[in-house]
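Being a predicted model, the structure only gives us computed values, none of them experimental.
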Amino acid sequence: MVSCWDTGVLLCALLGGLLLTGSTSGSNLKSPELSLNDTQHVIQVGKKLSIKCRGKADHSWSLPETVSKESKRLNITKYACGKGGKQFCSTLTLTTAEANDTGFYSCKYLSSTSKNKLTESTIYIFINDTSRPFLEMHSELPEPIHMTEGRALVIPCRVSSPDIVVTLKKVPFQILIPDGERIIWDSRKGFLISNATYKEIGLLTCEATVNGHLYQTHYLTYRQSTTILDVQMSTPGPVKLLRGQTLTLNCTVTASFNTRVQINWTYPGETNKSASIRRRFDQSNPHYNIFYSVLTINKVQSKDSGIYACHVTSGPSFRSANTSVRVYDEPFISMKHRKQPVLETVAGKKSYRLAMKVRAFPPPEVAWLKDGLPLTEKSARYFVHAYSLIIKDVAAEDTGNYTVLLNINQSNVVKNLTTTLIVNVKPQIYEKAVSPFPEPILYPLGSRQILTCTVYGIPQPTIKWLWRPCNHNHSKARYDFCSNNEESYILDPDSIIGNRIESITQRMAIIEGKNKTASSLVVADSRISGIYTCMASNKVGTVERNIKFYITDVPNGFHVHLEKMPTKGEDLKLSCTVSKFLYRDITWLQLRTANNRSAHHRIRRQKTAVTTEHSVTLHLLIKNVSLDDSGTYACRARNIFTGEDTLQKKEVTVRGEHCNKKAAFSRISKFKSTRNDCTTQSNVKH
């Protein structure tokens, strides 16, 4: 291509005539022609840059990114040129050139969509600034550069003049020397490393010395990670909307610090691009990156219902999250019983949930009534959770009719539903809870007795009376307990088992505000020891009360008897009788006092206790008593149930022989002796 910009006018005219022979439009200019013929050009900082472009068609200029087309220093003038003005010319002028203006300047035909180089002419302009050899200075904070091992790496320390000598160093002491193959220096791009390795990872520094001054710019290379830590949808559960509302879904991606991700959405209206998608990148956390992708659809329709999925990729890594969207045409409430309209539970449960099957949108206001009154006025044990009512510490008084009211105010949609709750109560026996007796009651032989059980429960319990006789075993080891292994018999008024039954009756009574049942069993003639059981049962359970029915032929279950007050030389005869169901370890003691201290002395040569059907008797016989045998005699027995010892005492005074003579004389002379040593003492002390 011949340039006429710098030739004389006459020579240009002659050459132009020769070149343009046979052409009237300048169509032989296949590519735009620049006034600067070389691939690069250098001017000094502060000077004016001027480049002219001529071509066969209209054209435009491409500038370095650092040069704004709005800059007042820039001026582009277009005009017609060539023979007959059929060529297109323009002049680019940039006044007071700066180092940042360094870069590629291109002139390109406007009508061309081809990538053919003949449609564009480019030149690289250096703005030489000795005070700024590097176009990008990172002297304090290094510029991060992502690298992938095995791929090309560019360290972009571009310079303002092609003559500047630059050295590439890796901290701390390594120098990377260009070899023209793997490492190449290009003043327009920087250092080009064709096949980067782990050795290039770290802090790299470009150095240049201009006019005796050292300049440095720093870069930090790092390997990119593909680790996707987490993908979350802003609404993981189903999204519900009314037609015409706005759908907004936010997909949040958490990735490791050196990871970059690509986020794509799939959704029902994807083919029509019904959604707008915005993206945002957050690097405020020093440990990981957060990426946001927000999908928005204005005025949703029924056709927008479906699955919305956010797909995240980073190299070979892939993760996704999705949610479902349902668009309703209008507000609605649908409600029915989850099981049946009448529900049952048991008193004493820690909690019970009353729940209905509800489908509603938008979510309605919820209120619960019990027997027509708001629950807040009933008890603090009631809690409303969603459409359910939770009753804590269920009690009998929680029985009633429960109504749930649902209301969507803005649409005037109202629904209500009632369910009945019955709280069943396991049977309870009143006497079992309040009985203060630690030991059984003894029932006198032959007596008439009334046994009663007062029962409460829901539903009303059925009551049975059972009898379990004692298996009379006179073994000392058993102490005549009634064994639980004995067979029990169900009783009725005509039963002939055990004691004769006079009647079994029941009556209802309101006790402590509760409807209770009192069942009475009347024993006509108490003869046989055993255990009467009152059994109350309903659908919830069974409870029993065992009444130990022990017969005694001893008053109060413990009795000491002195046959007569002995005279010196006669025999002392004492007997101790106790209930065999209440006492054991029966023995005789003599109480003596010495030095104002009482002592119990067990009497030797005691006879073996005699056991009968209802009691145990221990006889004490002291033959040929003397006056020294006078004193306090005690019968001691151990309570089977409490483990405590019980004593009954008998004061014995042995009379002298003269008392017998005086007694005989008294019968003749009707004389009554008043001497102390002839007085009979028979008081029993407990």
Side-chain angles (χ1 to χ4, degrees), residues 442 444-445 474 476 479 552-640 642-686:
L442 298 177
L445 179 66
H474 298 282
K476 185 177 180 181
Y479 304 112
T552 181
D553 52 2
V554 183
N556 299 318
F558 201 131
H559 181 66
V560 173
H561 175 68
L562 174 63
E563 185 175 301
K564 72 169 186 174
M565 195 66 68
T567 302
K568 181 181 178 181
E570 293 181 343
D571 295 342
L572 171 62
K573 297 179 181 179
L574 285 166
S575 64
C576 179
T577 305
V578 298
S579 169
K580 70 177 184 180
F581 299 105
L582 195 57
Y583 296 100
R584 63 184 177 90
D585 300 339
I586 184 172
T587 187
W588 278 103
L589 304 171
Q590 187 172 13
L591 280 59
R592 297 183 184 277
T593 303
N595 299 326
N596 295 325
R597 297 181 64 183
S598 297
H600 295 179
H601 297 278
R602 190 174 185 274
I603 300 173
R604 297 180 180 179
R605 300 184 300 279
Q606 297 187 33
K607 293 185 177 182
T608 303
V610 178
T611 301
T612 62
E613 183 178 358
H614 306 296
S615 58
V616 178
T617 301
L618 181 62
H619 295 282
L620 176 63
L621 174 61
I622 301 177
K623 294 185 177 183
N624 192 21
V625 296
S626 65
L627 295 178
D628 291 339
D629 292 319
S630 296
T632 303
Y633 289 81
C635 178
R636 184 182 67 190
R638 178 158 295 174
N639 189 300
I640 294 172
T642 65
E644 297 178 353
D645 289 338
T646 301
L647 278 76
Q648 280 202 16
K649 302 174 183 178
K650 175 72 76 170
E651 293 291 336
V652 174
T653 302
V654 179
R655 296 177 296 179
E657 293 179 354
H658 64 280
C659 290
N660 287 338
K661 295 178 180 179
K662 287 184 178 181
F665 178 77
S666 175
R667 287 192 295 271
I668 299 173
S669 61
K670 297 181 180 180
F671 173 77
K672 192 171 187 179
S673 174
T674 59
R675 288 177 58 88
N676 290 337
D677 58 350
C678 295
T679 303
T680 300
Q681 300 179 18
S682 60
N683 296 329
V684 177
K685 296 182 179 180
H686 297 273

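- Closest approach of Q648 and H559 over heavy atoms only: OE1-CA, 4.0 Å.
- The side chain to side chain donor-acceptor pair (under 3.5 Å) search around T587 returns R602, Q606, not counting sequence neighbours.
- By the salt bridge (Lys or Arg N to Asp or Glu O under 4.0 Å) test, R638 is found to be paired with D645, residues two or more places apart in sequence or in another chain being considered.
- Side chain of N639 to main chain of E644: no donor-acceptor pair is present (N/O by atom type, distance under 3.5 Å, no hydrogens or angles).
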message = With side chain to side chain contact (heavy atoms under 4.5 Å, CB included) as the criterion, how do C576 and I586 come out once you've worked through the C-alpha distance, each side chain's angles and the decisive distance to 0.1 Å?
response = CA-CA 8 Å; C576 179; I586 184 172; 3.6 Å; yes
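- The side chain to side chain contact (heavy atoms under 4.5 Å, CB included) search around T552 returns L442, V554, S579, not counting sequence neighbours.
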task = Starting from the C-alpha separation in whole Å, work towards a yes-or-no answer on side chain to side chain contact (heavy atoms under 4.5 Å, CB included) for T611 and K580.
result = CA-CA 8 Å; T611 301; K580 70 177 184 180; 4.1 Å; yes
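- Take S626 and apply the side chain to side chain donor-acceptor pair (under 3.5 Å) test, not counting sequence neighbours, and it matches no residue.
- To the nearest 0.5 Å, atoms OG1 (T646) and CZ (F558) are separated by 6.5 Å.
- For the side chain to side chain donor-acceptor pair (under 3.5 Å) test, residues two or more places apart in sequence or in another chain that qualify with D553 are S615.
- Looking at K649 and L591, their side chains come closer than 4.5 Å, going by heavy atoms from C-beta outward.
- The distance from atom CG of N624 to atom CD1 of I622, rounded to the nearest 0.5 Å, is 11.5 Å.
- V652 is listed as a side-chain neighbour of L572, based on a closest heavy-atom distance under 4.5 Å.
- Heavy-atom minimum distance, S575 versus W588: C-CZ2, 3.6 Å.
- Applying the salt bridge (charged side-chain N to carboxylate O under 4.0 Å, His left out) test to every pair with at least one member in residues 622-635, sequence neighbours left out, gives no pairs at all.
- The nearest pair of heavy atoms linking T567 to G656 is CG2-O, 3.5 Å.
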request  = Go through the steps for H614 and L445 under the test side chain to side chain contact (heavy atoms under 4.5 Å, CB included), then give the verdict.
outcome  = CA-CA 9 Å; H614 306 296; L445 179 66; 3.7 Å; yes
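- Scanning for side chain to side chain donor-acceptor pair (under 3.5 Å) contacts around K564 gives E570, with sequence neighbours left out.
- Nearest heavy-atom pair, Y633 versus Q590, reported as atom, atom and distance to 0.1 Å: OH-NE2, 3.3 Å.
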query = Can L621 and D571 be said to form a side chain to side chain contact (heavy atoms under 4.5 Å, CB included), step by step?
reply = CA-CA 7 Å; L621 174 61; D571 295 342; 3.8 Å; yes
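- In terms of heavy-atom proximity, L562 sits nearest to K573 at CD1-O, 3.6 Å.
- Here the closest non-hydrogen pair linking L627 and V654 is CD2-O, 3.1 Å.
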